[in-house]
Amino acid sequence: MQIVCPSCLLRPLIASDADALARHANDPAVAQNLRDRFPHPYQRTDAEFYIAHVATRPQQTSFGIVVGTEAIGTISLILGDDIARCSAEVGYWVGQSFWGRGIATDALLAATRYAFATFSIARVFAVPFASSRGSVRVLEKAGYVREGVMRRSAIKNGVILDQWLYATYGESVGPTVTAFGQTP
C-alpha cells in the first residue's frame, strides 16, 4: 500500500529506512513534541525495533513519510476499541529539516482520508501539546477543528502541560489531493 501525496509518499516502513529514520528522529526538537515512548536520543536500534513492530500489525496503520527515496518521518493511526471503536487517534512527526514545507499537512490529509476509506470510523483525532504550534498549524490546515483544551493533562520533561483536542469527521476532510492503491 502506497499513498501518493503532492509533497511526499506514504508507504510501509522497510528495514533500509532505519538509518534515515534514526537520523531525523534523533533531534530534541522532534522529541520535545512527542510522547515519552518516542525515545531520545533515538538510535538506529530504536528505528529497527519500530519498523519491526509496526510490520506485525494486522492492519496497515503506520506509514513512513518519504521524500524522494528517504524516510523523513512517520504517521500512524491508533484505532479505538470498546466504546471508542468509532474513532482513531493520529500521530505524526517529520524531521526538522523538512518543517515548513507542507509535508506533514499533506501526509495528515492523506492518512485521514485513508482512515475513513479503510476503517469503520466516524472521527479521527489528535491531542498535541498546546505549546506545539507547528503541529497545531498542521492540524488546522488539514481541516481539523479544536474541540477543547485538556488542562494539565500531560507531563513532558518534568513540566505539566495542556493538550488541545483536535478532530475531524469523514465529511470535513479537505479537498482530494491524494491517490492510493495497492502496489505489486
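In this chain, residues are counted from 1 in sequence order.
Residues Thr69 and Arg11 come closest through the heavy atom pair O-NH2, 4.4 Å. Between Phe116 and Thr168, the shortest heavy-atom distance links the atoms CZ-O, 3.7 Å. Scanning both residues, Ala25 and Phe38, for their nearest heavy atoms gives CB-CZ, 3.5 Å. The heavy-atom pair separating Met1 from Tyr114 by the smallest distance is CE-CE1, 3.9 Å. Looking at every heavy atom in both residues, Phe119 comes nearest to Gln60 through CZ-O, 3.7 Å. Taking all atoms of both residues into account, the shortest heavy-atom contact from Ile51 to Ile14 is CD1-O, 3.4 Å.
Using a 4.5 Å heavy-atom cutoff, the side chains of Asp162 and Arg152 are in contact. Side chains of Arg137 and Lys141 form a contact here, defined as non-hydrogen atoms less than 4.5 Å apart. A heavy-atom distance below 4.5 Å is not found between the side chains of Leu10 and Gln2. Looking only at side-chain heavy atoms (C-beta outward), Ser76 and Thr61 stay at 4.5 Å or farther from each other.
In summary, of the residues considered (Thr74, Ile65, Val138, Thr105), a side chain to side chain contact (heavy atoms under 4.5 Å, CB included) with Val94 occurs for Ile65 alone.
Of the possible polar contacts, one joining the Ser153 side chain to the Met150 backbone as a donor-acceptor pair under 3.5 Å is found. Formation of a donor-acceptor pair under 3.5 Å by the Ser87 side chain with backbone atoms of Ala84 is found in this model. Checking side-chain atoms of Asp27 against main-chain N and O of His24 turns up no donor-acceptor pair under 3.5 Å. Remark: the backbone N or O of Ile103 is not paired with any side-chain donor or acceptor of Asp106 at under 3.5 angstrom. Judged purely by atom type and a 3.5 angstrom limit, Tyr92 uses its side chain to pair as donor or acceptor with the backbone of Ser135.
Taken from CD in Gln43 to CG in Leu21, the straight-line distance is 14.0 Å, to the nearest 0.5 Å. To the nearest 0.5 Å, atom CG of residue Asn157 and atom CD of residue Gln32 are 5.0 Å apart. To the nearest 0.5 angstrom, Arg151 atom CZ is 14.0 Å from Ile160 atom CD1. Atom CZ in Arg85 sits 13.5 Å away from atom CD1 in Ile121 (nearest 0.5 Å). Between Arg146 atom CZ and Leu139 atom CG the span is 11.5 Å, to the nearest 0.5 Å. Taken from SG in Cys5 to CZ in Phe63, the straight-line distance is 9.5 Å, to the nearest 0.5 Å.
If you chain together hydrophobic residues whose side chains sit under 4.5 Å apart, Leu79 and Tyr144 fall into the same group. The hydrophobic clustering, which links ILVMFWY residues whose side-chain heavy atoms are closer than 4.5 Å, places Val67 and Ile3 together. Hydrophobic clustering, with ILVMFWY side chains joined whenever heavy atoms are under 4.5 angstrom apart, groups Phe98 together with Leu34. Cluster membership check: Phe125 does not share its hydrophobic cluster with Val149, using side-chain heavy-atom separations under 4.5 Å among Ile, Leu, Val, Met, Phe, Trp and Tyr. When hydrophobic clusters are built by joining Ile, Leu, Val, Met, Phe, Trp and Tyr residues whose side-chain heavy atoms come closer than 4.5 Å, directly or via intermediates, Leu108 is grouped together with Val136.
Note on ring orientation: taking the six-membered ring where Trp is involved, the planes of His53 and Phe49 are parallel (angle under 30°, cut-offs 30° and 60°). Below 30°, between 30° and 60°, or above 60°: for Tyr42 and Trp93 the angle between ring planes is between 30° and 60°, a tilted geometry.
For Ile83, the CD1 atom counts as loosely surrounded, since its 6.0 Å shell holds 12 or fewer non-hydrogen atoms of other residues, nucleotides or ligands.
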Evaluate the side-chain hydrogen bond (donor to acceptor under 3.5 Å, both in side chains) criterion for residues Ser7 and Arg101: first the C-alpha distance (whole Å), next the side-chain angles of each, then the deciding distance (0.1 Å), finally the verdict. CA-CA 8 Å; Ser7 62; Arg101 298 186 192 182; over 6 Å; no

